Novice: 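Quick one: structure below, then a few questions.
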Amino acid sequence: MTGTYTTSQIAKNAGVHPNTVRKYEEWGLIQKPLRKPNGYRIFTDIHLKQIALLRKAFQIEVMQAGLRSRIVNVVKLSAQCRFDEAVQLAQEYILIAGREKQNAKEAAEICEELYKNDFQNNANKKKRGENSGETCKDFGTSKTEKPFLKRSEAAAELNLTIDTIRNWEMNGLLKVKRKKNGYRIYDADDINRLKIIRSLRCANYSLSAILRMLNALEYRINKNQKDILKALNTPDENEDIISVCDRLIFSLEKAEENAREVIYLLNEIKQMTENGKS
């Protein structure tokens with residue numbers, strides 16, 4: 001041990017409240033310190049490094065694909081001096097974060113390509129003076145040959161539940177046409193839009209982020225502003241904090257970067273622990 005600290009001293013050095021340090025110990029996020037005969041805790045430089053590690057690990061909160069629970073376990077394994085297991089779990093975390101980031105990017109690319117085709121076809125029809133309103137346009141992406149589908153048929157084709165489609169409609173992601181008898185009908189454009197929404201939901205974008213992206217596309221595509229990822233990651237100034245957290249791609253990139261720094265800290269703490277035993 002190169003240095004020892006009281007609770008208040010280590011809290012000051014780490015930039016946290018003394019009660020926070022006690023909570024870290026209570027939650028198993030740092031090693032339990034030795035105690036003096038009077039019961040006062042004795043912290044070391046290892047504890048200081050562990051606090052730096054956990055603050056880096058929890059700096060970016062990413063919830064999907066079990067990433068949050070994995071990074072918590074990395075920190076707890078470090079507190080138990082199970083450093084090799086912690087490093088392995090952190091490496092798995094980086095792989096999963098990279099996969100989730102790629103899924104998000106692929107979903108954005110899918111919707112960009114579909115909507116580029118959609119807008120281009122509509123623009124060409126307008127130039128030719130054709131009606132681009134209620135007719136069913138075929139972009140070669142729908143499996144069915146029927147011009148219109150009922151909600152149950154649309155759900156079956158896309159492997160979705162009827163309630164899921166209903167929820168998306170209620171949240172403004174899709175406006176469907178109706179027959180004279182009031183039944184909803186879905187054409188090829190609607191199916192394409194549902195595919196986009198489904199892809200982005202699988203990438204863990206919220207309904208708010210998806211709606212923002214779809215609205216942005218409709219205004220930007222004709223202006224040749226094709227940065228769909230920017231549309232997803234740039235919240236409007238009037239949006240609440242939940243929507244701001246939808247900056248998924250940036251968060252995943254930052255989470256990957258932090259996890260690599262966590263691995264570096266784990267190796268440092270392991271070396272310090274081994275040196276202390278020798």
Side-chain angles (χ1 to χ4, degrees), residues 1-7 9-35 41-107 202-205 233 245-278:
M1 295 186 298
T2 59
T4 60
Y5 310 89
T6 64
T7 303
Q9 287 172 336
I10 197 167
K12 183 177 181 180
N13 285 343
V16 299
H17 193 276
N19 287 339
T20 303
V21 176
R22 297 186 183 99
K23 284 295 183 182
Y24 289 160
E25 178 190 350
E26 178 185 335
W27 295 334
L29 302 178
I30 60 175
Q31 295 178 26
K32 283 192 174 295
L34 298 175
R35 288 181 181 258
R41 295 170 174 84
I42 307 172
F43 292 98
T44 69
D45 289 330
I46 290 177
H47 293 101
L48 202 55
K49 280 286 184 184
Q50 286 183 325
I51 292 174
L53 182 149
L54 71 89
R55 295 187 74 188
K56 178 62 66 175
F58 299 153
Q59 185 180 41
I60 300 294
E61 187 171 60
V62 183
M63 305 301 293
Q64 73 268 20
L67 287 172
R68 176 65 176 178
S69 62
R70 283 177 182 273
I71 204 66
V72 170
N73 287 334
V74 167
V75 174
K76 289 186 174 182
L77 286 169
S78 170
Q80 298 167 22
C81 297
R82 296 161 61 183
F83 301 112
D84 292 340
E85 293 175 64
V87 168
Q88 181 178 349
L89 193 59
Q91 290 170 338
E92 292 174 5
Y93 177 97
I94 292 171
L95 290 175
I96 295 171
R99 184 191 68 199
E100 291 297 309
K101 182 177 66 176
Q102 187 58 37
N103 288 344
K105 288 181 177 180
E106 287 175 355
C202 288
N204 292 287
Y205 287 106
N233 288 323
C245 292
D246 284 320
R247 300 177 64 182
L248 178 61
I249 295 168
F250 171 82
S251 295
L252 287 165
E253 289 174 345
K254 187 63 177 177
E256 285 180 289
E257 177 186 329
N258 285 1
R260 292 188 180 94
E261 293 186 36
V262 163
I263 291 175
Y264 180 82
L265 288 169
L266 283 167
N267 288 324
E268 276 196 332
I269 297 169
K270 179 182 179 181
Q271 188 63 49
M272 292 170 69
T273 302
E274 291 174 349
N275 290 343
K277 291 178 181 179
S278 60

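For clarity, every value in this text was computed on a predicted model and none was experimentally measured.
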Novice: Hey, could you give me the CD/CD distance between E261 and E268, rounded to the nearest 0.5 Å?
Specialist: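 Result: 11.0 Å between the selected atoms.
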
Novice: Could you give the distance from CD (Q88) to CD1 (I263), rounded to the nearest 0.5 Å?
Specialist: 10.5 Å

Novice: To the closest 0.5 Å, what do you measure between CG (N258) and CG (L53)?
Specialist: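 Answer for the CG-CG pair, N258 versus L53, is 10.5 Å.
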
Novice: Quick one: are L89 and E85 in side-chain contact, heavy atoms under 4.5 Å?
Specialist: no

Novice: Are Q9 and N13 linked by a side-chain donor-acceptor pair shorter than 3.5 Å?
Specialist: no

Novice: Answer yes when R22 and E25 have at least one side-chain N-carboxylate O distance shorter than 4.0 Å, and no when they do not.
Specialist: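 E25 and R22: not salt-bridged.
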
Novice: If I take atom CD1 from residue I94 and atom CG from residue L252, how far apart are they, to the nearest 0.5 angstrom?
Specialist: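 The CD1 atom of I94 sits 12.5 Å away from the CG atom of L252.
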
Novice: Report yes if the side chains of R41 and V21 come closer than 4.5 Å at any heavy-atom pair, otherwise no.
Specialist: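 No. Closest side-chain heavy atoms not under 4.5 Å.
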
Novice: Before you tell me yes or no, could you show the steps for E257 and R260 under salt bridge (Lys or Arg N to Asp or Glu O under 4.0 Å), namely the whole-Å CA-CA distance, both residues' side-chain angles and the distance that decides it to 0.1 Å?
Specialist: CA-CA 5 Å; E257 177 186 329; R260 292 188 180 94; over 6 Å; no

Novice: May I ask you to decide if Q31's main-chain N or O and Q50's side chain share a donor-acceptor pair within less than 3.5 Å?
Specialist: yes

Novice: Side chains of V16 and R55: closer than 4.5 Å at any heavy-atom pair?
Specialist: yes

Novice: Start with the C-alpha gap between L266 and V74, add the side-chain angles, then the distance that decides, and say whether side-chain contact (heavy atoms from CB on, under 4.5 Å) holds.
Specialist: CA-CA 9 Å; L266 283 167; V74 167; 4.1 Å; yes

Novice: Can you confirm whether more than 12 heavy atoms, excluding those of F58, are under 6.0 Å from its CZ atom?
Specialist: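 Above 12, so yes.
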
Novice: Of all heavy-atom pairs between A86 and S78, which one has the smallest distance, and what is that distance?
Specialist: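 Heavy atoms only, the tightest pair is CB-N, 4.2 Å.
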
Novice: List the steps and the verdict of side-chain hydrogen bond (donor to acceptor under 3.5 Å, both in side chains) for Q271 and N275.
Specialist: CA-CA 6 Å; Q271 188 63 49; N275 290 343; 3.1 Å; yes

Novice: In chain order, what residues pass the side-chain hydrogen bond (donor to acceptor under 3.5 Å, both in side chains) check against K32, with sequence neighbours excluded?
Specialist: none

Novice: Measuring only between side-chain heavy atoms, which start at C-beta, is V262 closer than 4.5 Å to Y93?
Specialist: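 A side-chain contact under 4.5 Å is absent here.
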
Novice: Closest heavy-atom contact between G28 and A79?
Specialist: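 The pair with the smallest heavy-atom distance is O-CB, 3.3 Å.
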
Novice: Output all residues satisfying side-chain hydrogen bond (donor to acceptor under 3.5 Å, both in side chains) with K76, sequence neighbours left out; order by chain, then residue number.
Specialist: none

Novice: Side chains of F43 and T7, heavy atoms from C-beta outward: is any pair under 4.5 Å?
Specialist: yes

Novice: Measuring from atom CD1 of I10 to atom CD1 of I51, what distance do you get when rounded to the nearest 0.5 angstrom?
Specialist: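 Nearest 0.5 Å value for the CD1-CD1 distance: 4.5 Å.
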
Novice: Within this structure, what is the CG-NZ distance for the pair D45 and K49, rounded to the nearest 0.5 Å?
Specialist: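 Output value for this atom pair is 9.0 Å.
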
Novice: Using a strict threshold of under 4.0 Å (side-chain N to carboxylate O), is an ion pair present between E26 and K23?
Specialist: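 Salt bridge present between K23 and E26.
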
Novice: So L95 and R99, do their side chains get closer than 4.5 Å, heavy atoms only?
Specialist: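 The answer is no; the side chains never approach within 4.5 Å.
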
